[in-house]
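Remember, it's a predicted structure, so these values are computed and weren't measured experimentally. First the proteins, then the strands, lettered A, B, ... as listed; each starts at 1.
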Amino acid sequence: MEIVMGETNSNFIHDVIDKDLAEGKVKEIHTRFPPEPNGYLHIGSAKAIWINASTAKKYGGKFNLRYDDTNPVKEDDEYVKSIEEDLRWLGMEPTGGIFYGSDYFDKCYEFAQKLIREGKAYVCDLSQEQMSEYRGTLTQPGKNSPYRDRSVEENLDLFKRMKDGEFADGSRTLRAKIDMSSPNINMRDPVIYRILHVNHHRHGNKWCIYPMYDFAHPIQDGLEGITHSLCSIEFENHRPLYDWVVENVGFEVSPHQYEFARLNMTYTVMSKRYLRKLVENKIVDGWDDPRMPTLCGLRRRGYTPTAILDFISRNGVSKNYSVADVRYLEYCVCEELNETTQRRVAILEPLKVVITNYPEDKTEMFETSNHPKKPEWGKRELAFTREIYIDRSDFMEEPVPGFIRLAPGKEVRLMSAYILKCNEVVHDENGNVTQLMCTVDLETGNNKPVDGRKVKGTIHWLSASNCEKCKIRIYNNLFNKENVATLLEEDTFEEFLSDDSLVEYTDCFVEPSLKDATPDERFQFVRTGYFVKDSKNDGVFNRTAPLKSSFKPE
RNA sequence: UGGGGUGUAGCCAAGUCGGUAAGGCACCAGACUUUGACUCUGGCAUUUCGUAGGUUCGAGUCCUGCCAUCCCAGCCA
């Protein structure tokens with residue numbers, strides 16, 4: 001699937017780049033993905049990764065991975081490892097290198113001093129509450145801090161003492177001197193440095209002042225030679241500040257920020273905050289629960305990087321607020337897995353069938369194809385015996401109109417084997433069907449009926465004495481509400497959790513060979529869906545996605 | 001009620017200098033089928049591009065007003 005990595009459809013960002021290149025503003029393209037190591041990557045992150053990486057690739061440029069670790073309060077080394085792992089799993093090599101925003105702290109400090117010297121930044125003693133008051137509101141301008149006009153010398157001294165640890169957390173900040181009456185609140189003398197006596201995962205106690213994102217990010221971009229800084233749309237309001245920093249710090253090539261709409265998906269949440277909540281409240285099994293939209297969750301579920309990227313690519317890049325249909329993602333995996341997986345037989349809900357006209361001690365081997373359209377993938381053998389299992393869903397005692405599977409007195413094809421006829425239904429004392437007494441058309445075997453009669457339905461089966469027991473987990477949407485993102489304000493999304501997001505079948509049977517399957521091998525369980533062995537629990541298969549069915553009763 | 005975005009079919013999304021609405025998914029109909037899968041064929045915006053006007057021979061594309069919706073008042077990113 002090289003299409004996803006290489007040629008990307010053109011979009012408004014590429015239009016800008018084409019223009020920049022044509023006008024000679026830039027010579028080569030350099031992008032970056034700047035995750036904060038405070039959680040696991042999800043499919044929305046994958047969109048940002050894909051946009052940045054594929055853009056660089058399209059123009060023969062470079063792509064950096066940069067940990068945006070400027071706030072040690074929220075960040076953890078644990079996440080650094082997972083981010084790189086997920087990035088590589090996606091196949092997105094950081095061709096420009098791997099960097100840490102925190103490695104530029106010295107530079108940030110120098111640039112802050114430069115700003116102070118030029119009268120463009122000052123140390124402010126306002127408390128958090130006061131600063132909020134001074135900031136004004138959306139409709140009212142703010143007012144200048146009383147500390148705004150300190151001398152350069154005093155500011156330099158105070159800033160150094162902030163760095164040296166003389167002041168308590170929150171007691172002072174370094175602010176950019178811009179415009180307290182700007183209609184854009186981000187420009188009302190934004191804080192660019194705060195005091196935080198916190199251990200940094202990478203630099204220990206070297207620093208007790210840390211730059212804010214708005215100050216650090218353009219510097220990181222500028223220092224790395226990033227030409228096009230592609231981020232999501234909520235940073236659009238920050239662009240004037242980004243440009244202010246770039247202009248006032250000054251770089252060889254000025255990076256520019258462009259924003260695209262982040263990825264939302266139906267029936268799930270995408271923000272790290274809520275994903276964390278799902279994990280912490282034990283609503284899911286962890287960040288890698290197969291129901292999670294995290295990359296590790298999707299991986300455990302059996303999704304492939306190519307399918308994820310294909311999905312993102314097909315959805316395109318725009319600035320429209322949108323909610324992508326999770327079924328589209330499903331379509332993308334199925335399309336790939338249909339081509340790439342071998343077929344196997346699994347019975348989710350076994351129903352025993354006794355073939356009365358078949359000898360008890362006989363075992364016959366039937367060949368079945370590993371992929372119906374790829375004969376080069378060969379065949380394998382399935383044992384056939386007097387007692388077999390079929391899936392309960394393939395039998396109806398009182399078939400509804402249009403049901404072409406097994407029913408009393410009806411015939412059906414056993415895939416790759418005989419035609420089966422149901423003669424008798426055995427019930428328990430409660431009236432539940434426990435077993436079927438059937439016969440098989442010995443004459444036709446695995447061929448077309450000799451008398452030319454048509455048998456429409458085909459079902460899968462497994463010899464009761466030649467199968468392996470296992471558990472199968474079926475995953476459905478985590479939420480029962482299509483657009484969960486719109487009601488996150490209330491903080492009560494738990495009420496929209498669906499109760500069937502995980503359905504476990506505990507008495508399933510699969511072909512014996514599946515006993516040795518690994519979590520890296522994906523299969524199509526014939527007529528059922530795509531499955532992969534769970535990486536955490538032995539003897540458990542996860543359903544990646546179901547097969548479509550055009551059967552609609554009534 | 002300040003500023004910044006966005007509004008093209010059920011979903012995503014193309015629409016260059018204005019010239020007469022790409023594509024994918026979904027859906028519908030049919031063919032094929034020892035997976036009711038896959039594949040194939042056809043259909044699927046023409047009082048139509050949020051809406052109301054305007055300019056023009058001609059407007060999704062230009063102009064004006066209006067409406068809807070998202071983001072911003074962290075010493076988060």
What does [X] touch in the nucleic acid at a heavy-atom separation under 4.0 angstrom: a base, only the sugar-phosphate, or nothing?
{"X": "A/Ser182", "answer": "nothing"}
{"X": "A/His217", "answer": "nothing"}
{"X": "A/Val323", "answer": "sugar-phosphate"}
{"X": "A/Met212", "answer": "sugar-phosphate"}

Is the distance between the ring centroids of A/Phe235 and A/Tyr242 under 6.0 Å? no
[atom1] atoms of [N] and [M], separation to the nearest Å:
{"N": "B/rG18", "M": "B/rG30", "atom1": "C1'", "result": "42 Å"}
{"N": "B/rG4", "M": "B/rG10", "atom1": "C1'", "result": "30 Å"}
{"N": "B/rU51", "M": "B/rC67", "atom1": "P", "result": "15 Å"}

Would a 4.5 Å heavy-atom cut-off, applied to side chains only, mark A/Asn11 and A/His14 as touching? yes
Which value, rounded to the nearest 0.5 Å, describes the distance between A/Lys160 atom NZ and A/Ile209 atom CD1? 10.5 Å
Nearest 0.5 Å, please: how far is OH in A/Tyr267 from NZ in A/Lys481?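 With rounding to 0.5 Å, NZ (A/Lys481) is 9.5 Å from OH (A/Tyr267).
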For A/Arg32 and B/rA77, give me the distance from atom CZ to atom P, rounded to whole Å. 15 Å
Return yes if a side-chain donor-acceptor contact under 3.5 Å exists between A/Asp103 and A/His203, otherwise no.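 Checked: A/Asp103/A/His203 side chains pair up, N/O donor to acceptor below 3.5 Å.
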Heavy-atom donor-acceptor pair, A/Ser322 side chain to A/Ala324 backbone, under 3.5 Å: no
Could you go over nucleotides 31-34 of chain B and give all protein N or O partners under 3.5 Å, atom names and distances?
unit_1, atom_1, unit_2, atom_2, d
B/rU34, OP1, A/Lys448, NZ, 2.8
B/rU34, O2, A/Ser416, N, 2.6
B/rU34, N3, A/Arg413, NE, 3.4
B/rU34, N3, A/Asn446, OD1, 2.3
B/rU34, O4, A/Arg413, NH2, 3.3
B/rU34, O4, A/Asn446, O, 2.2
B/rU34, O4, A/Asn446, OD1, 2.2
B/rU34, O4, A/Asn447, N, 3.1

Looking at A/Glu78, A/Lys272, A/Glu75, which one forms a side-chain hydrogen bond (donor to acceptor under 3.5 Å, both in side chains) with A/Asn38?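 Considering A/Glu78, A/Lys272, A/Glu75, a side-chain hydrogen bond (donor to acceptor under 3.5 Å, both in side chains) with A/Asn38 is found only for A/Lys272.
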What residues from residues 370-380 of chain A pass a heavy-atom cutoff of under 4.0 Å to RNA chain B?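 Going residue by residue through residues 370-380 of chain A, the ones with a heavy atom under 4.0 Å of RNA chain B turn out to be A/Pro372, A/Lys373.
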Base-pairing mate for B/rA68 - Watson-Crick or G-U, with both contacts under 3.5 Å: B/rU6
Hey, are A/Asp441 and A/Arg453 close enough for a salt bridge, meaning a charged N less than 4.0 Å from a carboxylate O?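 Result for this pair is yes, salt bridge flagged.
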